[in-house]
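As a basis for the values below, the full set of heavy atoms in this structure was taken, side chains included, without hydrogen atoms, waters or symmetry mates.
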Protein chains: 2
Amino acid sequence: MKGFLSYLILWILSKKKMNGAQISRELEIRRGTKPSPGTLYPALKELKDKGLVESDENKYYSLTDKGKIELNSACNFFCKAFYDMKEMSNCCER
Amino acid sequence: MKGFLSYLILWILSKKKMNGAQISRELEIRRGTKPSPGTLYPALKELKDKGLVESDENKYYSLTDKGKIELNSACNFFCKAFYDMKEMSNCCER
DNA sequence: TTAATTGTATCGGTTATCCGATATAAACCA
DNA sequence: TGGTTTATATCGGATAACCGATACAATTAA
């Protein structure tokens, strides 16, 4: 179940500006477990190096325009791959 | 964008019994590219070793009960992680 | 039957992904 | 002020994920 983390971070940041600790807590809500700091901070650094996120003087991260495009592209990919995903929603209700 | 393959295979097999070559073509439709045979067949072998899929005498693969549970569990995980995914559907339409 | 195509399978290697341990800095509190 | 918690960051290492090359079997076509 690897490989979701970076996209989940992009998704989270697309909704709200957050610092590392807040992102960590949000990930716990969504995934069930907090990422190790040795996972989260390198991931944020990589996203920043790629120009997908930026951080202000208080270490609050947000998406760049490039990050928004990247997230949209990932959504497109996902929706194409699971184009018949509606049936999956059976798992999600209730 | 790694880590989607095994779940996509489970998803595909939940809809239709297929052999390796058919799975490969279905993946091309959904992802844009065929997986390398060095990716696909080890992936199928692993899914089989884990008891998630089974194959008949003609190498047609299908989900086992365990595989159905696993797929459902993955759907639950995904829907929880991206519970506010509806907004993502903007990317999917049209 | 032979040749060509299609399908299956394995191997070695590369890179991605994530973790625990550790260190430092910042914020809070006694 | 000094001590404790919280937040940020890096490092080395383990495993997952995937690829191209290669080999062989099975099917199809000539």
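Rounded to an integer number of Å, the gap from B:Leu5 CG to D:dC19 C1' is 12 Å. With rounding to whole Å, A:Leu40 atom CG is found 12 Å from D:dT10 atom P. Summarising the geometry, the separation between CG on B:Leu27 and C1' on D:dA17 is reported as 14 Å, rounded to the nearest angstrom. The CG-P distance, from A:Asn19 to C:dA27, rounds to 11 Å in whole Å. As rounded to whole Å, 15 Å separates atom C1' of C:dT17 from atom CG of A:Leu10. To the nearest angstrom, C1' of C:dA21 lies 16 Å from OH of A:Tyr41. The CZ atom of B:Phe4 sits 19 Å away from the C1' atom of D:dC19 (whole-angstrom rounding). When rounded to the nearest whole Å, the span between CG of A:Asn58 and C1' of C:dA27 equals 13 Å.
Considering SG of B:Cys79 and CG of B:Asp84, their distance stands at 11.5 Å, rounded to 0.5 Å. Distance check: A:Lys66 NZ to A:Ser73 OG gives 12.0 Å after rounding to the nearest 0.5 Å. Between the CG atom of A:Leu63 and the CG atom of A:Leu10 there is a distance of 6.0 Å, given to the nearest 0.5 Å. Atom OG1 of A:Thr64 is separated from atom NZ of A:Lys48 by 11.5 Å, given to the nearest 0.5 angstrom. To the nearest 0.5 angstrom, B:Glu54 atom CD is 8.0 Å from B:Asp65 atom CG.
At the heavy-atom level, B:Tyr61 lies under 4.0 Å from the strands shown only through sugar-phosphate atoms. Residue contacts for B:Gly38: at a heavy-atom cut-off of 4.0 Å it reaches a base atom on one of the strands shown.
Partner of A:Ile9 under the side-chain contact (heavy atoms from CB on, under 4.5 Å) criterion, out of A:Val53, A:Leu71, A:Leu52, A:Leu44: A:Leu44 alone.
With sequence neighbours left out, B:Tyr60 forms a side chain to side chain contact (heavy atoms under 4.5 Å, CB included) with B:Lys17, B:Asn19, B:Gln22, B:Asp56, B:Asn58.
Aromatic ring centroids of B:Tyr83 and B:Phe78 lie 6.0 Å or more apart.
For the helix from C:dT1-D:dA30 to C:dA30-D:dT1, the terminal axes (five pairs an end, C1' atoms, rotation from four pairs onto the next four) enclose an angle of 20°, given to 10 degrees.
Taking the six-membered ring where the residue is Trp, A:Phe77 and B:Phe4 present perpendicular rings, their angle passing 60° and hence far from 30°.
At D:dA26, none of the side-chain N or O atoms of B:Lys59 fall inside 4.0 Å of OP1 or OP2 (strictly under the cut-off). Checking the phosphate oxygens (OP1, OP2) of D:dT6, no side-chain nitrogen or oxygen of A:Arg25 falls inside 4.0 Å.
A heavy atom lying under 4.0 Å from DNA chain D marks none of the residues of residues 42-52 of chain B.
Side chain of B:Ser36, nearest nucleotide from C:dG7, C:dC19, D:dC19: D:dC19.
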